[in-house]
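A quick write-up on the structure given underneath.
For this chain, numbers begin at 1 and follow the sequence in order. Values below: all heavy atoms of this structure, side chains included; hydrogens, waters and symmetry mates excluded.
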Amino acid sequence: MYSIYQFFAHLLEHRRCLRELPRLSDLPWHCKPFAYKNFGGFPNLVMQYEASWPPYGGELVGLLESDSFSIPSFVSHIPTGAISLEALPQDTASHIRRKIKALNPETQLPTLHEVYYLIRGQWKKRTKVCLVHGSFFASLSADQLVQKALEQVVSDYLKANDIQTVAPDKVEWLARTLSREVLPSRPRSVSNVSVSFRLEVVADVVEDLNILCSERFPAIEVDTLSFVIPHGPDAEFGERFSGLRHSLLWPQLRVARGQSIQHPFNGKFFVLSYAL
């Protein structure tokens, strides 16, 4: 499986299971090759990479599921549209590189890999499943978001304690330094103590970006499987749509429902939906 578009075709083939299986991890993943597969932490899946066939693949996928039509928390990372393998734990990044290069040792991996999230919400025997490009949940880059949040923490502390001797550039420097401890999170050991210490991110989606909410995004209907990608008149969208057309069968394309939705901050997104 060389791209996210073939991954969506795989989901479409097994979409009946998406309502019935207890967990997304119970889907028949074994019948398709992945560069990486681990249901214990982000990323859960990584597509293989083949530079000779655009779109090239190598996308990272996180699985999220909820017993309501709300988005679960993103644990241990901040949602993003693209990520460097350097931002992942070292053993995870090494494993992904090794598996991708096993297919072709000459493969030159990209600096950034696109990120998608497979989200399933279930409520009163109704189901919504979305494969969403990570930029839907990222109006700022992860490092910018963490830095700005930490700047607020430091500034609030200084204000609460009536400390006015710290220059703004020092606050920015401290926030930027602390953000490196969070992205990726690293355990810190201290001599003669019984525990290690880790700064770790838990990110919650604001209500305006809950793609499973019918009031905010009526295009995402109940009992559907949807593919959600950035939409625009540029060549990037053309390449993504071409990836879809080459990965899906004509009968599948003919019965799909395609429409555009407006993101509160990031422009328009294209939604391709199928009944479950």
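- Contact check for Val61 versus Val46: no side-chain heavy atoms found under the 4.5 Å cut-off.
- By the side chain to side chain donor-acceptor pair (under 3.5 Å) test, Arg23 is found to be paired with Glu65, residues two or more places apart in sequence or in another chain being considered.
- Of all heavy-atom pairs between Gly121 and Phe69, the closest is O-CE2, 3.2 Å.
- The two residues Ala138 and Asn266 have their closest heavy-atom pair at O-ND2, 3.1 Å.
- Rounding to the nearest 0.5 Å gives a distance of 4.5 Å between SG of Cys130 and CD1 of Ile211.
- In this view, Ala219 and Gln259, Ile261 satisfy the side chain to side chain contact (heavy atoms under 4.5 Å, CB included) rule, not counting sequence neighbours.
- Counting only residues at least two apart or in different chains, salt bridge (charged side-chain N to carboxylate O under 4.0 Å, His left out) contacts with residues 122-136 comprise Arg126-Asp223.
- Taking CD from Glu20 and CD from Gln122, the interatomic distance works out to 10.0 Å, rounded to the nearest 0.5 Å.
- Atoms CD and CG, on Glu215 and Asn210 in that order, are 10.5 Å from each other to the nearest 0.5 Å.
- Residues Phe227 and Leu12 fail the side-chain proximity criterion, which asks for heavy atoms closer than 4.5 Å.
- Note on Val222: it clusters hydrophobically with Trp123, by side-chain heavy-atom contacts below 4.5 Å among ILVMFWY residues.
- Considering CD1 of Ile229 and CD of Glu239, their distance stands at 11.0 Å, rounded to 0.5 Å.
- Rounding to the nearest 0.5 Å places CD1 of Ile83 at 14.0 Å from CD of Glu59.
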Apply side-chain contact (heavy atoms from CB on, under 4.5 Å) to Met47 and His113, showing your working.
CA-CA 10 Å; Met47 304 300 109; His113 293 251; over 6 Å; no
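- The residues Arg97 and Glu86 are annotated as salt-bridged, a charged nitrogen and a carboxylate oxygen being separated by less than 4.0 angstrom.
- Hydrophobic clustering places Phe39 together with Phe7 (ILVMFWY residues linked when any side-chain heavy atoms are closer than 4.5 Å, directly or through intermediates).
- The ring-ring contact (aromatic ring centres under 6.0 Å, His included) search around His133 returns Tyr116, not counting sequence neighbours.
- Residues Arg240 and Glu114 form a side-chain contact, since some pair of their non-hydrogen atoms from C-beta on lies under 4.5 Å apart.
- Between Thr127 and Leu18, the shortest heavy-atom distance links the atoms CG2-O, 4.0 Å.
- The two residues Gly243 and Tyr5 make their nearest non-hydrogen contact at O-CB, 3.4 Å.
- The aromatic ring centroids of Tyr117 and Phe74 lie less than 6.0 Å from each other.
- Within the 4.5 Å cutoff, the side chain of Phe42 has no heavy atoms near those of the Thr92 side chain.
- With sequence neighbours excluded, the residues satisfying side chain to side chain contact (heavy atoms under 4.5 Å, CB included) with Pro264 are Asp208, Leu209, Phe217.
- Side-chain atoms of His246 come within 3.5 Å of backbone N or O of Ser242 as a donor-acceptor pair.
- Between Pro43 and Leu88, the closest side-chain pair of non-hydrogen atoms falls below 4.5 Å.
- Leu131 places none of its side-chain heavy atoms less than 4.5 Å from the side chain of Val228.
- For Asn38 (side chain) and Asn44 (main-chain N/O), no donor-acceptor pair under 3.5 Å exists by modelled atom type.
- For the atom pair CG of Leu24 and CG of Leu63, the computed distance is 5.5 Å after rounding to the nearest 0.5 Å.
- Partners of Thr224 under the side chain to side chain donor-acceptor pair (under 3.5 Å) rule, at least two apart in sequence or in another chain, do not exist in this structure.
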Could you tabulate the donor-acceptor pairs under 3.5 Å formed by side-chain atoms of residues 268-276, not counting sequence neighbours?
residue: Ser273; atom: OG; partner: Ser226; partner atom: OG; Å: 2.7
residue: Tyr274; atom: OH; partner: Gln252; partner atom: O; Å: 2.9

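- For Ser66, the side chain to side chain contact (heavy atoms under 4.5 Å, CB included) partners are Ser68, Ser70, Pro72, not counting sequence neighbours.
- Scored by the side chain to side chain donor-acceptor pair (under 3.5 Å) test, Ser73 finds Asp204 as partners (sequence neighbours excluded).
- Across all non-hydrogen atoms, the minimal contact from Tyr49 to Gly57 is CD1-O, 3.6 Å.
- No more than 12 heavy-atom neighbours from other residues, nucleotides or ligands sit within 6.0 angstrom of NZ on Lys99.
- Looking at heavy atoms from C-beta onward, Phe34 lies out of side-chain contact with Gln48 at the 4.5 angstrom threshold.
- Put simply, Val255 and Leu249 are part of two different groups of oily side chains (I, L, V, M, F, W, Y) that touch within less than 4.5 Å, one to the next.
- Side-chain atoms of His263 come within 3.5 Å of backbone N or O of Phe136 as a donor-acceptor pair.
- Using a 4.5 Å cut-off on side-chain heavy atoms (C-beta onward), His231 and Ser260 make contact.
- Annotation: side chain to side chain donor-acceptor pair (under 3.5 Å) contacts of Arg257 (sequence neighbours excluded): Glu221.
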